[in-house]
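As the structure is a prediction and not an experimental result, all values here were calculated from the model.
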Amino acid sequence: MSSISIVGLGNMAGALAGRALAGGHAVEIIGRDPAKAKELAAALDGATVGAAGAVPAGDIVILAVPYGSAAAVVGEYGDALRGKVMIDITNPVNADFTGFVTPEGSSGAQEIAKAAPADAHVVKAFNTLYSHVLAAGPAEGRPLDVFIAGDDAQAKTLVSEFIESLGMRPMDTGKLPMARTLENAALLMLGLVAHSVNHTNFFLGINILD
Ligand SMILES: NC(=O)c1ccc[n+]([C@@H]2O[C@H](COP(=O)([O-])OP(=O)(O)OC[C@H]3O[C@@H](n4cnc5c(N)ncnc54)[C@H](OP(=O)(O)O)[C@@H]3O)[C@@H](O)[C@H]2O)c1
């Protein structure tokens, strides 16, 4: 069992918190509006509420805010994130879904890592799962694939164990710069929604053939 802190009170925060509680983890919810955080924690049954800007209780801190707020939120926590394993779930896509708002040659995860304390370890994960798909869990008996990228092997092991405990399959894709590829996978999903699948009830998965 891990202890998980989730910063954000929206769709992904709720879905991840629900799955983490079902997986037997201690879950702390942190939002900028304490009343709203309390409301979400009460709805989740078993989650606690943490104070924004204070040291999160979790060994793993999931950043479940829009990319546009992410670096500022990380900056607000500052040293409170020292030594934490941080999961970046953001998709830094532009308004018309044709590209990214991040600097050329970087990724959302790398920009977030720059804003974090040097000894925090950022792992990209969960960005290719729609919140309702995540909340629903295994699809037709098949575990959801969660692609991860990160530089620190121990942090990736911890995140992989967390993903497995949620009944999902971690798929390591390499070091943190691979986050850009995972963010491109989210663009792929948006393209599929707009041009062929026409809804969001699907997930990207890997079929491994013998
Ligand atoms: N939705 C999906 O299916 C999905 C899938 C994969 C990845 N993602 C990524 O997951 C992240 C969260 O998405 P979401 O759909 O959960 O968004 P959401 O429902 O809009 O929730 C965003 C949350 O972030 C909080 N927030 C925004 N700015 C903040 C700030 N400066 N300080 C503190 N909290 C702040 C909001 O707080 P308030 O409640 O106070 O407004 C809200 O609770 C995004 O980066 C998105 O790209 C989403």
Side-chain angles (χ1 to χ4, degrees), residues 4-17 19-20 29-32 40 52-53 56 58 60-78 80-81 84-117 120-135 144-152 155-156 158-159 162-163 166 168 170-193 200 203-204:
I4 311 295
S5 294
I6 302 177
V7 180
L9 307 173
N11 295 315
M12 286 298 278
L16 285 162
R19 297 234 62 87
I29 302 289
I30 309 173
R32 58 183 166 184
L40 178 61
I60 296 177
V61 180
I62 303 178
L63 205 53
V65 301
Y67 175 71
S69 304
V73 169
V74 169
E76 279 164 29
Y77 282 82
L81 292 170
K84 297 291 184 186
V85 171
M86 294 167 54
I87 300 184
D88 164 37
I89 67 168
T90 66
N91 282 314
V93 295
N94 63 16
D96 60 5
F97 302 159
T98 56
F100 300 102
V101 297
T102 43
E104 193 64 32
S106 188
S107 65
Q110 288 164 283
E111 294 304 305
I112 287 168
K114 284 181 202 165
H121 303 296
V122 175
V123 177
K124 188 90 193 179
F126 297 106
N127 73 303
T128 61
L129 285 168
Y130 286 115
S131 59
H132 57 280
V133 174
L134 188 59
L144 302 174
D145 283 341
V146 183
F147 303 109
I148 69 171
D151 287 337
D152 186 83
K156 282 203 289 193
L158 188 65
V159 172
F162 171 59
I163 290 166
L166 308 184
M168 302 178 195
M171 299 294 285
D172 188 357
T173 65
K175 300 258 187 196
L176 199 60
M178 279 299 283
R180 174 40 34 106
T181 302
L182 300 188
E183 292 161 5
N184 267 301
L187 269 192
L188 168 69
M189 294 175 74
L190 291 166
L192 291 168
V193 171
T200 59
F203 72 98
L204 295 186

A side-chain contact here means heavy atoms from C-beta on lying under 4.5 Å apart; do Val159 and Val85 qualify? yes
I want to check something: taking the side chain as every heavy atom from C-beta on, are His121 and Asp151 in contact at a cut-off of under 4.5 Å? no
Under a 4.5 Å cut-off applied to non-hydrogen side-chain atoms, are Val123 and Asp88 in contact? no
Got a list of side-chain donor-acceptor pairs under 3.5 Å for residues 4-13, not counting sequence neighbours?
unit_1, atom_1, unit_2, atom_2, d
Ser5, OG, Glu28, OE1, 2.5
Ser5, OG, Ala57, N, 3.4
Ser5, OG, Gly58, N, 2.8

Full working for side-chain contact (heavy atoms from CB on, under 4.5 Å) between Thr90 and Asn127: CA-CA 6 Å; Thr90 66; Asn127 73 303; over 6 Å; no
Please assess Phe203 against Thr128 for the test side-chain contact (heavy atoms from CB on, under 4.5 Å), listing each intermediate value before the final yes or no. CA-CA 7 Å; Phe203 72 98; Thr128 61; over 6 Å; no
Which residues pass the side chain to side chain contact (heavy atoms under 4.5 Å, CB included) test with Ala135, sequence neighbours left out? Ala15
Candidate pair Leu63 and Val73, rule side-chain contact (heavy atoms from CB on, under 4.5 Å), full reasoning: CA-CA 9 Å; Leu63 205 53; Val73 169; 4.1 Å; yes
Closest heavy-atom pair, Ala70 versus Ile112, reported as atoms and distance to 0.1 Å, is CB-CD1, 3.7 Å
Identify the heavy atoms of Gly53 and Ala80 that sit nearest to each other, and give their distance. O-CB, 3.9 Å
Rounded to the nearest 0.5 Å, the OG atom of Ser107 sits from the CG atom of Leu176 at a distance of 5.5 Å
Close side-chain approach of Ile62 and Ile89, heavy atoms under 4.5 Å: yes
Phe147 side chain reached by Ile163 side chain, heavy atoms, under 4.5 Å: no
How close do Ile29 and Ala17 get, heavy atom to heavy atom, and via which atoms? CD1-CB, 3.8 Å
The side chain to side chain donor-acceptor pair (under 3.5 Å) partners of Asp145 (sequence neighbours excluded) come to Arg169
With sequence neighbours excluded, residues passing side chain to side chain donor-acceptor pair (under 3.5 Å) with Glu111: Ser106, Lys114
Side chain to side chain donor-acceptor pair (under 3.5 Å) partners for Thr200, two or more places apart: His132
Residues Ala149 and Thr173: closest non-hydrogen pair is CB-OG1, 3.6 Å
Could you state the interatomic distance from CG (Asp152) to NZ (Lys175), rounded to the nearest 0.5 Å? 8.5 Å
What pairs meet the side-chain hydrogen bond (donor to acceptor under 3.5 Å, both in side chains) rule with one or both residues in residues 177-189, with sequence neighbours excluded? Thr102-Arg180, Lys124-Glu183, Arg180-Glu183
Which side-chain hydrogen bond (donor to acceptor under 3.5 Å, both in side chains) pairs, counting each pair once, include a residue from residues 66-77, with sequence neighbours left out? none
Please give me the minimum heavy-atom distance between Pro170 and Met168, naming the atom from each residue. CD-O, 3.5 Å
Could you pull out all residues at least two apart from Pro117 that satisfy side chain to side chain contact (heavy atoms under 4.5 Å, CB included)? Leu81, Arg82, Asp119, Ala120
Hey, does Leu188 have a side-chain heavy atom less than 4.5 Å from the side chain of Leu204? yes
Residues Lys84 and Pro56: closest non-hydrogen pair is NZ-O, 2.9 Å
Sorted by chain and number, sequence neighbours left out, side chain to side chain donor-acceptor pair (under 3.5 Å) with Lys156 holds for Asp172
For Leu190, the side chain to side chain contact (heavy atoms under 4.5 Å, CB included) test, sequence neighbours excluded, returns Val93, Phe97, Tyr130, Leu187
Ala71 meets the side chain to side chain contact (heavy atoms under 4.5 Å, CB included) criterion, sequence neighbours left out, with Ala115
